[in-house]
Amino acid sequence: MPFGKALGMALIVTLTGLCLQMFLAVTADNPPVILIFLGAIYFLCFLAQATGRAGALPFMILVVAVMLPLLTLLHYDLGSSVLALLVGGIVEGIVWGWAAHAAFPHRGLPGSGQPPAIHHQRPIARALASGAILLGAVAICLTNDRFATALVIPITVASMLMQLDVLAGARAAFGLILVNIFGGAAASVVFGFVTLRHSLFFMFLSILAVSLILGGRAVLPRPSAKVFAGALTIFLVVLGSGISPLPGTAAETFATRIGYIILATLYSLFMAALLWPAERRVAAALPKAL
């Protein structure tokens, strides 16, 4: 990633988070206004994705716009801390990526490249539907004490809506469910081993192994790459919430978090099939298998 693009991504995510925090501080007692504002952000992000501009930035903004409202309304300082960690993670990821490329340069195979961006026939209608689906999940978490800290639900929904292609068929949808559940299950296994062996080095090796499996497939020039990127996101969120639980979530089992992933996945599939505008395949069909 070029330096200018990387710096721009970090700045946009930071400014988005700061503006969102200030807005939440002012409108904390007015939930309808908060939901309308969040819905507008979700719509713009999904519109960028639906028009073929689905780089990493729209999803990063979605993650910020999902996590900060839930955490800031729970505790303002918690939201600030998480925003600082997100921005720091982006910067560190870029730096380590540059370092890895410098140490192990790879120019790609002949004819390889990024898969062509998918342009939807009705991007505005699709973005409106996707924004409404995600906003519904966030609204449930904001209004239901049982899901107040269930960050994995709206993040899984956002990830699913970015990955899902209903035209790919039932087999691809089933594969998508399995890959996302695998991300949560892998987090459960790693957390179990880390609990038994309290070793930072062992935790590093475990996370590295899963990251190589999912991240290695996420960077391949294939349509299924974004699916594995989403599974890696879910893995990190679930594992992080287990190792460093949010207030009130320490008693949650990993079985509960896996249940949240399944619930969010089924919700996304059902609502997308119900609300997304009908489209016909105009480009080459995606592979049926992931």
Side-chain angles (χ1 to χ4, degrees), residues 16-17 20 23-24 27-51 54 58-74 79 82 120 122-166 173 176-177 180-181 183-184 226-227 230-231 233-234 237-238 241 246 248-249 252 256-279:
T16 301
L20 188 55
F23 178 81
L24 292 171
T27 61
D29 297 327
N30 199 338
V33 175
I34 294 176
L35 291 178
I36 292 173
F37 184 72
L38 292 178
I41 295 177
Y42 300 158
F43 166 74
L44 292 175
C45 291
F46 284 118
L47 182 62
Q49 186 255 354
T51 53
F59 183 70
M60 290 302 304
I61 294 177
L62 279 180
V63 171
V64 171
V66 165
M67 295 183 67
L68 279 189
L70 296 175
L71 299 178
T72 300
L73 295 178
L74 182 67
V82 170
H120 298 282
R122 300 172 61 186
I124 295 178
R126 185 185 177 98
L128 283 172
S130 297
I133 295 169
L134 179 57
L135 186 62
V138 173
I140 292 174
C141 293
L142 288 174
T143 57
N144 192 321
D145 292 338
R146 181 181 177 183
F147 302 114
T149 54
L151 292 176
V152 69
I153 292 179
I155 290 179
T156 300
V157 172
S159 178
M160 285 288 299
L161 294 175
M162 284 288 190
Q163 305 163 24
L164 186 60
D165 182 5
V166 293
L176 180 59
I177 295 174
N180 280 277
I181 293 177
K226 58 184 179 180
V227 176
T233 301
I234 293 172
V237 170
V238 174
S241 64
L246 297 173
T249 63
E252 287 184 358
T256 301
R257 296 187 178 103
I258 296 299
Y260 286 161
I261 294 174
I262 296 175
L263 176 64
T265 301
L266 295 178
Y267 166 80
S268 303
L269 290 172
F270 175 77
M271 295 302 293
L274 184 66
L275 298 180
W276 275 359
E279 294 184 358

Inset, instruction - Measure the shortest side-chain to side-chain distance between Val157 and Val66 over non-hydrogen atoms and say whether it is less than 4.5 angstrom. - result: no
Inset, instruction - State, to 0.1 Å, how close Ser130 and Trp276 come at their nearest heavy-atom pair, and which atoms those are. - result: OG-NE1, 2.9 Å
Legend entry - Check: Ile124 and Phe43 side chains under 4.5 Å, non-hydrogen atoms: yes
Inset, instruction - For the residue pair Leu70 and Pro154, establish whether any side-chain heavy-atom pair is separated by less than 4.5 Å. - result: yes
Inset, instruction - Write down the atom of Met162, the atom of Cys45, and the distance for their closest heavy-atom approach. - result: CE-O, 4.3 Å
Inset, instruction - Could I get the full list of side chain to side chain contact (heavy atoms under 4.5 Å, CB included) partners for Leu24, not counting sequence neighbours? - result: Leu20, Ile34, Pro69, Thr72
Inset, instruction - Supply the atom-to-atom distance Ile61 CD1 to Ile41 CD1, rounded to the nearest 0.5 angstrom. - result: 8.5 Å
Inset, instruction - Quick one: list whatever passes side chain to side chain contact (heavy atoms under 4.5 Å, CB included) with Ser159, sequence neighbours left out. - result: Phe59, Gln163, Asn180
Legend entry - Value rounded to 0.5 Å, distance of CD1 in Ile133 from CG in Leu275: 5.0 Å
Legend entry - Pairwise distance CG(Leu151) to OG1(Thr156) - rounded to 0.5 angstrom: 10.0 Å
Inset, instruction - Please round to the nearest 0.5 Å and tell me the distance separating atom CE of Met160 and atom CD1 of Ile261. - result: 11.5 Å
Legend entry - Spatial distance of atom OG1 (Thr143) from atom CG (Leu35) [nearest 0.5 Å]: 8.5 Å
Legend entry - Qualifying side-chain hydrogen bond (donor to acceptor under 3.5 Å, both in side chains) pairs with a residue from residues 33-47, counting only residues at least two apart or across chains: none
Inset, instruction - Check whether any side-chain heavy atom of Leu38 lies under 4.5 Å from a side-chain heavy atom of Phe23, and answer yes or no. - result: no
Inset, instruction - With the side chain counted from C-beta on, respond yes when Phe37 and Thr27 share a heavy-atom pair under 4.5 Å apart, and no when they do not. - result: no
Inset, instruction - Looking only at non-hydrogen atoms, find the nearest pair between Tyr267 and Ala137 and report the distance. - result: OH-N, 3.7 Å
Legend entry - Spacing of CG belonging to Leu161 relative to CG belonging to Leu62, to within rounding of 0.5 Å: 9.0 Å
